[in-house]
Amino acid sequence: MTAAQPEFEGARLEAVPLYGRRFTDDTEELFREMRRDHGPVVPVLLESGEPAWLVIGYREVHRVLTDGQSFARDPYRCHGPDYVPPQNSGYLPGILMFLDGPVHAKRVGAIATALAEVDQFELRGDCERFSDRLIDTFAAAGEADLIEQYAYHLPMLVMGNMLGLPDSQLMAVAQDMKMMNDGREDAIDAFGRFVVTMTELIARKRERPGPDVTSRVLAYSTELTDDELIGDLLVVMSGGQENTAHWIGNTLRLMLTDDRFSLTLSGGRRSVGQALNEVLWEDSPMKTSPPRWAVRDTDLGGQAIRAGDVVIVGPAGANADPLVRPAIDGHSGGNQAHLAFGAGEHGCPDPAPELAEVMAHTAIEVLLDRLPDVRLAVPEDTLEWRPAFHIRGLSALPVRFEPTYVVQRG
């Protein structure tokens with residue numbers, strides 16, 4: 001059985017390709033053109049050639065995220081067992097983010113409860129320790145790529161420690177997560193190593209629980225199989241890794257290129273907290289979220305959505321919607337009504353956003369403290385964005401600074 005085809009199939013030339021350099025490099029301008037030509041709900045073509053709807057209106061995005069009766073994460077609520085989801089949808093059967101209803105609520109509840117017990121003061125100390133460790137590897141060189149050598153590894157090191165992985169395994173797991181998220185040829189091998197590592201971790205924590213997230217999830221999810229537990233932990237780690245890493249990277253880019261924040265390097269700047277919040281509005285690391293499927297025929301933003309249609313939410317487009325956020329001066333202030341963390345039952349569960357903010361805030365503060373003269377090493381307009389469907393993040397952020405002496409840490 002194939003998916004129902006959106007109404008615009010007869011006019012494919014009007015559909016906007018949701019792939020290619022334009023979608024990667026000039027997302028902000030592309031979303032403005034989409035809004036002008038189509039309104040808040042846009043007919044698009046995926047890279048596989050399949051049609052879908054991209055939702056970029058704030059109110060419409062909020063409706064899709066919170067109306068689980070009309071928009072499902074599980075495609076089999078709309079299609080039979082032979083349905084094949086779009087190739088770049090990221091759909092994996094049985095994975096937490098594609099479950100609906102009570103099963104999803106119970107498994108997310110276990111993770112949320114386990115995360116709620118994380119001591120945020122201890123977390124900040126761990127973030128400082130891992131930030132220093134990473135900076136030590138390049139501080140004496142006078143130059144670095146702050147994505148590859150810093151922002152991309154820090155969240156995984158911190159989360160791996162939070163899960164109870166031994167210190168000796170953290171960097172290897174961070175590398176495997178990067179391979180999987182990048183979709184490299186060796187991603188399958190990396191996933192195999194990840195499964196082995198997590199299977200061993202679960203076995204250790206069943207035998208000897210500790211004050212870590214994995215032990216708590218095991219206590220709250222006694223009926224789950226190892227495969228289900230590994231899948232749930234993978235969702236937590238992968239989502240936190242990608243979004244937090246590029247929240248850090250995009251914020252560093254802002255602070256290194258915007259005069260309001262570049263003064264930070266010599267004092268008198270806007271705060272790191274302001275920069276982090278502005279990025280969630282202006283340069284959100286979540287460009288699109290995993291797809292939903294329309295459960296029934298409905299009207300959304302003036303478009304006729306048919307049951308079975310693929311519906312993709314664009315948080316970055318929603319945050320830029322002028323109907324809810326007039327672009328008077330382009331600054332977000334303290335407004336935190338953005339949708340960068342999603343909403344509804346599939347939004348980031350509390351307290352995940354708070355933990356991510358602790359990681360991001362600490363990472364930037366430690367870097368600026370250690371390397372106060374850090375500066376961009378290339379022209380801003382030469383920075384390149386990752387060719388990723390869901391993520392808005394830099395491929396590299398090369399910087400220079402005065403080489404510093406590295407203290408031997410015990």
Side-chain angles (χ1 to χ4, degrees), residues 5-58 60-61 64 85-90 147 181-184 242-243 245-247 249-250 253-254 257-258 278-292 300-303 309-323 325 327 330 338-340 378-398:
Q5 300 298 300
E7 284 289 303
F8 61 89
E9 181 173 338
R12 279 180 176 265
L13 292 178
E14 295 184 10
V16 181
L18 211 60
Y19 53 90
R21 294 298 300 229
R22 188 83 197 283
F23 181 64
T24 299
D25 298 345
D26 199 13
T27 307
E28 183 178 356
E29 179 60 29
L30 180 60
F31 280 178
R32 278 198 292 266
E33 291 180 10
M34 288 179 174
R35 202 184 314 276
R36 179 196 67 202
D37 296 341
H38 299 281
V41 180
V42 184
V44 296
L45 288 179
L46 303 178
E47 191 168 8
S48 60
E50 296 172 86
W53 299 101
L54 176 67
V55 188
I56 57 174
Y58 186 96
E60 290 77 14
V61 164
V64 173
Q87 293 177 8
N88 58 345
S89 68
I147 300 298
N181 287 325
D182 284 349
R184 290 164 38 174
E242 286 286 293
N243 293 326
H246 290 300
W247 191 11
N250 293 356
R253 169 183 171 270
L254 173 66
T257 59
D258 190 308
E278 182 161 324
V279 162
L280 292 181
W281 278 106
E282 304 285 352
D283 213 6
S284 171
M286 182 180 287
K287 185 160 49 179
T288 62
S289 68
R292 267 88 171 162
L300 183 67
Q303 300 281 17
D309 284 357
V310 179
V311 179
I312 296 172
V313 166
N319 289 340
D321 188 341
L323 292 180
R325 188 171 176 273
H338 54 74
L339 295 172
V378 298
E380 178 186 356
D381 60 5
T382 65
L383 294 174
E384 295 185 358
W385 298 96
R386 283 180 59 192
F389 182 71
H390 294 301
I391 292 295
R392 169 76 169 173
L394 292 168
S395 296
L397 185 61

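One is the number of the first residue; the rest follow in order along the sequence.
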Option among Glu282, Lys287, Met286 that satisfies the side chain to side chain contact (heavy atoms under 4.5 Å, CB included) test with Ser284: Met286

Test item: Ile56 and Met34 side chains (from C-beta on) under 4.5 Å apart, heavy atoms: yes

Chi angles and distances behind the side-chain contact (heavy atoms from CB on, under 4.5 Å) call for Arg386, Thr24: CA-CA 7 Å; Arg386 283 180 59 192; Thr24 299; over 6 Å; no

Audit row: Val311, Val64, side-chain contact (heavy atoms from CB on, under 4.5 Å) steps and yes/no: CA-CA 8 Å; Val311 179; Val64 173; 4.3 Å; yes

Beyond-backbone contact of Val313 with Thr288, side-chain heavy atoms, under 4.5 angstrom: no

Approximate separation, where rounding is to 0.5 Å, of Phe23 CZ and Trp385 CH2: 13.0 Å

Short side-chain to backbone donor-acceptor contact, His246 and Pro285, under 3.5 Å: no

side-chain contact (heavy atoms from CB on, under 4.5 Å) between His38 and Val16, worked out: CA-CA 10 Å; His38 299 281; Val16 181; 3.9 Å; yes

Over all atoms of both residues, closest heavy-atom pair of Val61 and Ala318: CG2-CB, 3.7 Å

Side-chain touch Ile391/Asn243, heavy atoms, less than 4.5 angstrom: yes

Within-4.5 Å side-chain heavy-atom neighbours: Leu280 and Trp247: yes

Any residue meeting salt bridge (Lys or Arg N to Asp or Glu O under 4.0 Å) with Arg253, in chain and number order, not counting sequence neighbours: Asp283, Glu380

Under 3.5 Å: donor-acceptor pair, side chain of Gln303, backbone of Val41: yes

Side chain to side chain contact (heavy atoms under 4.5 Å, CB included) against Pro40, all qualifying residues, sequence neighbours excluded: Glu60

Crowding at CD, Glu33 (>12 non-hydrogen neighbours, <6.0 Å): yes

Closest non-hydrogen atom pair, Gly249 against Leu397: O-CD2, 4.0 Å

Presence of salt bridge, Glu28 and Arg392, under 4.0 angstrom: no

Partners meeting salt bridge (Lys or Arg N to Asp or Glu O under 4.0 Å) with Arg36 (sequence neighbours left out): none

Distance in Å, Leu18 CG paired with Leu30 CG, rounded so as to fall on 0.5 Å steps: 8.0 Å

side-chain contact (heavy atoms from CB on, under 4.5 Å) evaluation trace for Leu46 with Phe389: CA-CA 10 Å; Leu46 303 178; Phe389 182 71; 4.2 Å; yes

Non-hydrogen side-chain atoms of Trp53 and Ile312 separated by less than 4.5 Å: no

Contact summary for Ser395 and Pro387, nearest pair of heavy atoms: OG-CD, 4.5 Å

Donor-acceptor under 3.5 Å (Arg35 side chain, Gly317 main chain): yes

